[in-house]
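Note that the coordinates shown come from a computational prediction; the quantities given were computed from them, not determined experimentally.
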Amino acid sequence: MKRLVSPAATSPAVAAAMRGNKAKGTRPELTVRAVTFSLGYRYRLHDRRLPGKPDLVFPRLRKVVFVHGCFWHQHKNKRCPLVSTPRKNYAYWKPKLERNVDRHVRQRKLLRSHGWKTKVIWECQTRDRQALTRQLIRYLES
Ligand SMILES: [Zn+2]
């Protein structure tokens, strides 16, 4: 796993945001796994052979799920309570976050061009378990 170390990551909130998004097995990811498992689906985790190492991979369905931290992937939703652009060190974060978003767009395109369906579950969407369950059923059964 690539570790991002920077002097800008000194504020606890920022450090937590980084951990929450770069580390595997975070709470939002565990929630998505638990719900998916309880629906009877089995999956692979972080398949390195696929672009972007999707968090959950359903090989027979040819579908993947990414669980995205709202800060790290800049959730574009006005109602998202978790995304924020850090005012401190803005010049430092802006290009990093933009690169992150761009990289993910490229990875998803690549996956789609290889016949995979992709879905992003945002961190803030994992807080409502019922809504999350409905969302996952809709995606996995379609
Ligand atoms: Zn969000």
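- The side-chain hydrogen bond (donor to acceptor under 3.5 Å, both in side chains) test applied to K94 returns E98, not counting sequence neighbours.
- The side-chain tip of R42 does not point at the ring of F58 from less than 6.0 angstrom away and within 45° of straight on.
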Which atom pairs, donor and acceptor, lie under 3.5 Å between side-chain atoms of residues 114-122 and protein residues at least two apart or in another chain?
residue	atom	partner	partner atom	Å
H114	ND1	L110	O	2.8
T118	OG1	R108	NE	2.8
T118	OG1	R108	NH2	3.2

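- For the pair K63 and E141, the tightest heavy-atom approach, listed with the atom from each and the gap, is NZ-N, 4.3 Å.
- The side-chain hydrogen bond (donor to acceptor under 3.5 Å, both in side chains) check on R44 picks up D47, with sequence neighbours excluded.
- Hydrophobic clustering of Ile, Leu, Val, Met, Phe, Trp and Tyr side chains at less than 4.5 Å, counting indirect connections, keeps L30 apart from F37.
- A continuous path of Ile, Leu, Val, Met, Phe, Trp and Tyr side chains, each step under 4.5 Å between heavy atoms, connects Y139 with L45, placing both in one hydrophobic cluster.
- Listed by chain and number, the residues in a side-chain contact (heavy atoms from CB on, under 4.5 Å) with A34 are R129 (sequence neighbours excluded).
- Residues that satisfy the side-chain contact (heavy atoms from CB on, under 4.5 Å) test with L82, not counting sequence neighbours, are C70, C80, E123, C124, R127.
- Using a 4.5 Å cut-off on side-chain heavy atoms (C-beta onward), V83 and N77 make no contact.
- The side-chain heavy atoms of K109 and R106, taken from C-beta on, include no pair separated by under 4.5 Å.
- No donor-acceptor distance shorter than 3.5 angstrom exists from the side chain of Y41 to the backbone of R33, with no hydrogens or angles considered.
- R60 meets the side-chain hydrogen bond (donor to acceptor under 3.5 Å, both in side chains) test with no other residue; sequence neighbours excluded.
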Mind running side chain to side chain contact (heavy atoms under 4.5 Å, CB included) on Y43 and L140 for me, showing each step along the way?
-> CA-CA 12 Å; Y43 41 80; L140 292 168; over 6 Å; no

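- Contact check for L56 versus V32: side-chain heavy atoms found under the 4.5 Å cut-off.
- Residues V57 and V64 are in side-chain contact: their nearest non-hydrogen atoms beyond the backbone lie under 4.5 Å apart.
- Members clustered with V105: none, using a 4.5 Å side-chain heavy-atom cutoff among hydrophobic residues.
- Contact detail for L132 and T126: the closest heavy-atom pair is CD2-CA, 4.1 Å.
- Between E29 atom CD and T31 atom OG1 the span is 10.0 Å, to the nearest 0.5 Å.
- Residue H68 is tested with H104, H75, Q74 for a side chain to side chain contact (heavy atoms under 4.5 Å, CB included); the sole match is H104.
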